[in-house]
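Heads up: the structure comes next, in structure tokens.
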Amino acid sequence: MTIAPARHNGERGQAAWSDAQLLYALEEVVEKELNRHLKVAKEWMPHEYVPWSDGRNFDGVMGGEPWAPDQSKVSDIGRVALVVNLLTEDNLPSYHHEIATLFGRDGAWGTWVHRWTAEEGRHGIVMRDYLLTSRAVDPVELERFRMAHMSEGFESDNGHSMLHSVAYVAFQELATRISHRNTGHHSGDPVCDRMLARIATDENLHMVFYRNLLGAAFELAPDQTMCAVRDVVVNFRMPGHGMPGFERAAVRMAVGGIYNLRIHHDDVLQPVLRFLKVLEIGGLGSVGLAAQEELGLFMGGLDGQARKFDERQAAILARRAARQ
């Protein structure tokens, strides 16, 4: 395979890379990270995390017992978050299509795409089995939401650029891990907490893969990568934003401590930016410097917004406590 030299962009000797050039240039890094991932990833079985002995027939063709809220061991906020998290996992076919189209199905890139898809598939399996067996959520509503969400499909905000896509998943995988972990903590059910902790471990390994790949991209194309990170951070949206009732659910999850501005700033954006020393990278051209400055300003503004949210959240929780 012959790759044309990167196009010079006039920024302190830096050159602009096409997606094809970047995919080829980063192939060895992908192979290295894939091998590291396979060594540390542990095999686990979804069926071992499901309380099968709690299961019984539902109404319908099996003539069982209809679902009722009092059958659930999960807290109210836990039910909301579990539905959002599972519906997000349900769109795996669309996610696979997006990354397979962008990264390709050959070589180390293709091997990673298929391995990632296989690992993510376990998450939807175990979550749905747990929810139905434990009667944690309304199964009819869950299926109707799944049909509506998947019928809309999924189109990435960053599908136009390989660098933007890598930057996005570096943050998004960590965001998903945090959301699952906090959902488990707030679920009120130790079985649910253990299951989501297992899923969160996978998501963290996926984040490390993409974060390290993003670090390699900074070494290769610092200006372009800085611009991609700036764009992704400023315009970040969770992949489930198009699901039915997402906005209302997101508000409840924010107040309930599952995922909000403070968590997004402190536990998702900052760890990746600090690890890669994004705001300290030198040797940038004017375009990269401008993007770095904009990113720093945005993070400062987001921290201010998070402080205001913290105050509103505290007031809401205080009012709830007073009513109780």
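Please read these numbers as outputs of a predicted model, since none were measured by experiment.
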For ring pair (Phe, Tyr, Trp, His ring centres under 6.0 Å), just list the numbers for Tyr210 and Trp112, CA-CA rounded to whole Å, side-chain angles, deciding distance to a tenth of an Å, and then say yes or no.
CA-CA 11 Å; Tyr210 287 118; Trp112 167 253; 5.8 Å; yes
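- Between Trp116 and His206, the ring planes are tilted. Angles from 30° to 60° get that label.
- Side-chain heavy atoms closer than 4.5 Å link hydrophobic residues (I, L, V, M, F, W, Y) into clusters, and following such links, even through other members, never connects Leu132 to Val126.
- Under the 4.5 Å side-chain criterion, counting only non-hydrogen atoms from C-beta, Asn235 is not in contact with Asp157.
- Although no hydrogens or angles enter the test, the distance criterion places no donor-acceptor pair under 3.5 Å between the side chain of Glu203 and the main chain of Glu173.
- The backbone N or O of Ala175 sits nowhere less than 3.5 Å from a side-chain atom of Ser179 that would complete a donor-acceptor pair.
- Residues Leu196 and Ser187 fail the side-chain proximity criterion, which asks for heavy atoms closer than 4.5 Å.
- In this structure, Arg211 forms a cation-pi arrangement with Phe275, its terminal cationic atom sitting closer than 6.0 Å to the ring centre and no more than 45° off the ring axis.
- With a 6.0 Å cutoff to the six-membered ring centre and a 45° limit on the axis angle, Arg36 does not count as a cation-pi contact of Phe209.
- In this structure, Val208 is a member of the same hydrophobic cluster as Phe171, with clusters built from ILVMFWY side-chain heavy atoms closer than 4.5 Å.
- Judged purely by atom type and a 3.5 angstrom limit, Glu152 has no side-chain atom pairing as donor or acceptor with the backbone of Met243.
- No continuous path of hydrophobic side-chain contacts links Met150 to Leu131 [ILVMFWY only; heavy atoms under 4.5 Å].
- Side-chain heavy atoms closer than 4.5 Å link hydrophobic residues (I, L, V, M, F, W, Y) into clusters, and following such links, even through other members, never connects Phe58 to Val83.
- Rounded to the nearest 0.5 Å, atoms CE (Met253) and CG (Asn85) are 5.0 Å apart.
- With respect to the salt-bridge test (charged N to carboxylate O, under 4.0 angstrom), the residues Asp76 and Arg79 qualify.
- Note on Asp310 versus Arg262: salt bridge recorded, some NZ/NE/NH1/NH2 to OD/OE distance being below 4.0 Å.
- With a 4.5 Å cut-off on side-chain heavy atoms, Thr183 and Tyr259 do not count as touching.
- Between the side chain of Trp17 and the backbone N or O of Ala221, no donor-acceptor pair lies under 3.5 Å.
- The backbone N or O of Lys73 sits nowhere less than 3.5 Å from a side-chain atom of Asp189 that would complete a donor-acceptor pair.
- Under the 4.5 Å side-chain criterion, counting only non-hydrogen atoms from C-beta, Asp129 is not in contact with Pro46.
- A donor-acceptor contact shorter than 3.5 Å is absent between the side chain of Gln305 and the backbone of Leu261.
- The nearest pair of heavy atoms linking Ala41 to Leu205 is CA-CD1, 3.9 Å.
- Under the 4.5 Å side-chain heavy-atom criterion for grouping Ile, Leu, Val, Met, Phe, Trp and Tyr, Trp67 is not connected to Tyr130 through any hydrophobic cluster.
- Using a cut-off of 4.0 Å between Lys/Arg side-chain N and Asp/Glu carboxylate O, Glu143 and Arg146 are scored as salt-bridged.
- A donor-acceptor contact shorter than 3.5 Å is absent between the side chain of Ser75 and the backbone of Gly188.
- Across every non-hydrogen atom of Tyr49 and Met195, the tightest pair is CD2-CA, 3.9 Å.
- Checked for salt-bridge contact, Arg128 and Asp90 meet the test: a charged N lies under 4.0 Å from a carboxylate O.
- By the 4.5 Å heavy-atom criterion applied to side chains, Arg323 and Arg320 are counted as neighbours.
- Within 6.0 Å of the CD atom in Glu31, the count of heavy atoms belonging to other residues, nucleotides or ligands does not exceed 12.
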